[in-house]
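Remember, it's 1-based here, ligands and their atoms both numbered in the order they're listed. Just so it is clear, the model here is predicted, and its values are computed rather than measured.
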Amino acid sequence: MGALLNPSILSADFANLERDLGKIAGADYAHVDVMDYHFVPNLTIGLPVVERLVQVCPVPIDTHLMIEDPDRWAPGFAEAGAASVTFHAEAAQAPVRLARELRRLGARAGLAIRPATPVEPFLDLLDEIDMLLVMTVEPGFGGQSFIEGTLAKIRRARAAVDESGLDVWIQVDGGVSRTTIERIADAGANVFVAGSAVYGADDVAAEIDVLRGLADGAAHHH
Ligand code: DX5
Ligand code: ZN
């Protein structure tokens, strides 16, 4: 499978979300960041808006829940039709129970970790998830610079996934751009979230292809 490129609508125009989703019809998924003012110091959109985005989006929706108590709130996003629901390990009380519930509801289950959260405690649970999201900035805002120290964690995650033989995707989110994406792909990520790099481009559709092409060209070979 080639690299997947998921633009983050956090950098879209929140007064024109349907229009801006239309610009990313050539992407693999639309990445939707849900923030609650508690897990992160920012607030975005909630379930009622995501329910409508699912209905108008030209590509499947990849939700990234930066919220407290995902055990309680995440299943609703799967029920709303999000193709992928990612919750944070730091916020979940029972990540395996929640991942199983998300899968039961028909969504891909994603587990996210902040830059300072070690990946090792989760490597024995890869069978329970469809995607591991290694945050490459502190979650909460778009437009931050990539944290170089996360590359080693991506490499360790890739080695563990390959050793497991499981088809678990490794997503990266934060500071992904033309200048960083090749090194991140070489480290072993295969799903790339990009907000400001995509929506800040003059030609959004072309930028998706450029970024995906750079990732494919640099993809980790094993
Ligand atoms: C940040 C969000 C990201 C954000 C990335 O907490 O999870 O998805 O949109 O923005 P860029 O690509 O601009 O770093
Ligand atoms: Zn995100």
Side-chain angles (χ1 to χ4, degrees), residues 3-14 17 20-21 23-24 27-46 49-50 53 57 59-68 70 73-74 77 82-92 107-117 130-151 153-154 169-185 189-202 204 207-208 210-212 214-215:
L4 302 184
L5 202 292
N6 301 0
S8 167
I9 63 164
L10 188 61
S11 290
D13 178 355
F14 273 14
L17 287 175
D20 281 1
L21 286 173
K23 295 179 182 176
I24 61 167
D28 294 287
Y29 289 78
H31 182 86
V32 174
D33 291 298
V34 174
M35 307 185 188
D36 69 349
Y37 263 159
H38 292 272
F39 184 72
V40 289
N42 198 0
L43 179 73
T44 54
I45 58 174
V49 177
V50 173
L53 296 182
C57 192
V59 292
I61 285 190
D62 161 35
T63 48
H64 176 195
L65 307 182
M66 285 158 277
I67 60 173
E68 295 291 354
W73 302 114
F77 292 86
S84 179
V85 178
T86 296
F87 60 88
H88 267 268
E90 302 87 353
R108 293 178 59 87
L111 183 71
I113 53 174
R114 302 180 74 124
T117 301
D130 298 296
M131 187 166 78
L132 179 67
L133 166 52
V134 177
M135 287 303 297
T136 45
V137 299
E138 286 291 359
F141 302 94
Q144 303 180 81
S145 63
F146 176 74
I147 300 171
E148 297 286 338
T150 59
L151 284 170
K153 181 159 58 175
I154 296 164
W169 296 354
I170 299 177
Q171 182 177 64
V172 288
D173 182 9
V176 174
S177 70
R178 290 189 187 203
T179 57
T180 58
I181 197 167
E182 290 166 292
R183 282 179 294 133
I184 303 169
N190 70 308
V191 185
F192 301 83
V193 176
S196 51
V198 168
Y199 278 107
D202 291 333
V204 167
E207 193 64 22
I208 290 166
V210 167
L211 291 170
R212 197 198 279 111
L214 287 171

### Query
Any idea which heavy atoms bring T179 and S177 closest together, and the distance?
OG1-OG, 2.9 Å

### Query
Tell me, which protein residue and heavy-atom name are nearest atom 13 (O) of ligand 1, and how many Å apart are they?
S196 OG, 2.5 Å

### Distance filter under 4.0 Å to P139 heavy atoms, resulting ligand 1 atoms
6 (O)

### Nearest protein heavy atom with distance in Å, relative to atom 10 (O) of ligand 1
G142 CA, 3.4 Å

### Side-chain donor/acceptor of N190 to backbone N/O of W169, under 3.5 Å
no

### Query
Which heavy atom of the protein is the closest neighbour of atom 1 (C) of ligand 1, given with residue, atom name and distance?
F141 O, 3.5 Å

### Query
Which atom, counting only N, O or S, brings D33 closest to the Zn ion (ligand 2)?
OD1

### Query
Counting from 1, what ligand 1 atoms have a heavy atom of G174 closer than 4.0 Å?
14 (O)

### Query
What atoms of ligand 1 come closer than 4.0 angstrom to any heavy atom of G140?
1 (C), 6 (O)

### Summary
Within 4.0 Å of some non-hydrogen atom of A194, the atoms of ligand 1 are 12 (O)

### Query
Between H64 and D62, do the side chains contain an N or O donor and an N or O acceptor separated by less than 3.5 Å?
no

### Query
Near H64, which atoms of ligand 1 are under 4.0 Å from a heavy atom of that residue?
7 (O)

### Query
Does a donor on one side chain and an acceptor on the other come within less than 3.5 Å for S84 and D130?
no

### Query
Is there a side-chain contact between I45 and L53, using heavy atoms and a 4.5 Å cut-off?
yes

### Message
When you measure from the side chain of D20 to the backbone of D13, do you find a donor-acceptor pair of N or O atoms at a distance under 3.5 Å?
### Response
yes

### Task
Find all atoms of ligand 1 within a distance of less than 4.0 Å from any non-hydrogen atom belonging to M66, and give their numbers and elements.
6 (O), 7 (O)

### Task
Please name the atom of D173, restricted to N, O or S, that is closest to the Zn ion (ligand 2).
OD2

### Task
Would you please determine whether D173 falls within less than 4.0 Å of ligand 1 on a heavy-atom basis?
yes

### Query
So, for Q144 and V137, which heavy atoms are closest and what is the spacing to 0.1 Å?
NE2-CG2, 3.6 Å

#### Entry: T63 side chain vs A82 backbone, donor-acceptor pair below 3.5 Å
no

### Message
Tell me whether ligand 1 is touched by G175 - counting only heavy atoms on the residue side and a distance under 4.0 Å.
### Response
yes

### Task
Quick one: closest heavy-atom pair of K23 and I208, and the distance?
O-CD1, 4.4 Å

### Message
Strictly distance-based, threshold 3.5 Å: is any side-chain N or O of E90 a donor or acceptor partner for the main-chain N or O of R114?
### Response
yes

### Query
Which atom, counting only N, O or S, brings H64 closest to the Zn ion (ligand 2)?
ND1

### Query
Relative to the heavy atoms of S8, which atoms of ligand 1 are at a distance of less than 4.0 Å?
4 (C), 8 (O), 9 (O)

### Message
Can a donor-acceptor pair be found, under 3.5 Å and without considering hydrogens, that links the side chain of T136 to the backbone of I147?
### Response
no

### S8 (side chain) donor-acceptor with G142 (main chain) under 3.5 angstrom
no

### Atom indices of ligand 1, in the order listed, that fall short of 4.0 Å to a heavy atom of H31
8 (O)

### Query
Between G143 and ligand 1, does any nitrogen or oxygen pair lie at a separation below 3.5 Å?
yes

### Query
For atom 12 (O) of ligand 1, which protein heavy atom lies nearest, and how many Å away is it?
G195 N, 2.8 Å

### Query
Does L10, backbone or side chain, put an N or O under 3.5 Å from an N or O of ligand 1?
no

### Query
Starting from atom 2 (C) of ligand 1, which protein heavy atom do you reach first, and at what distance in Å?
D33 OD1, 3.5 Å

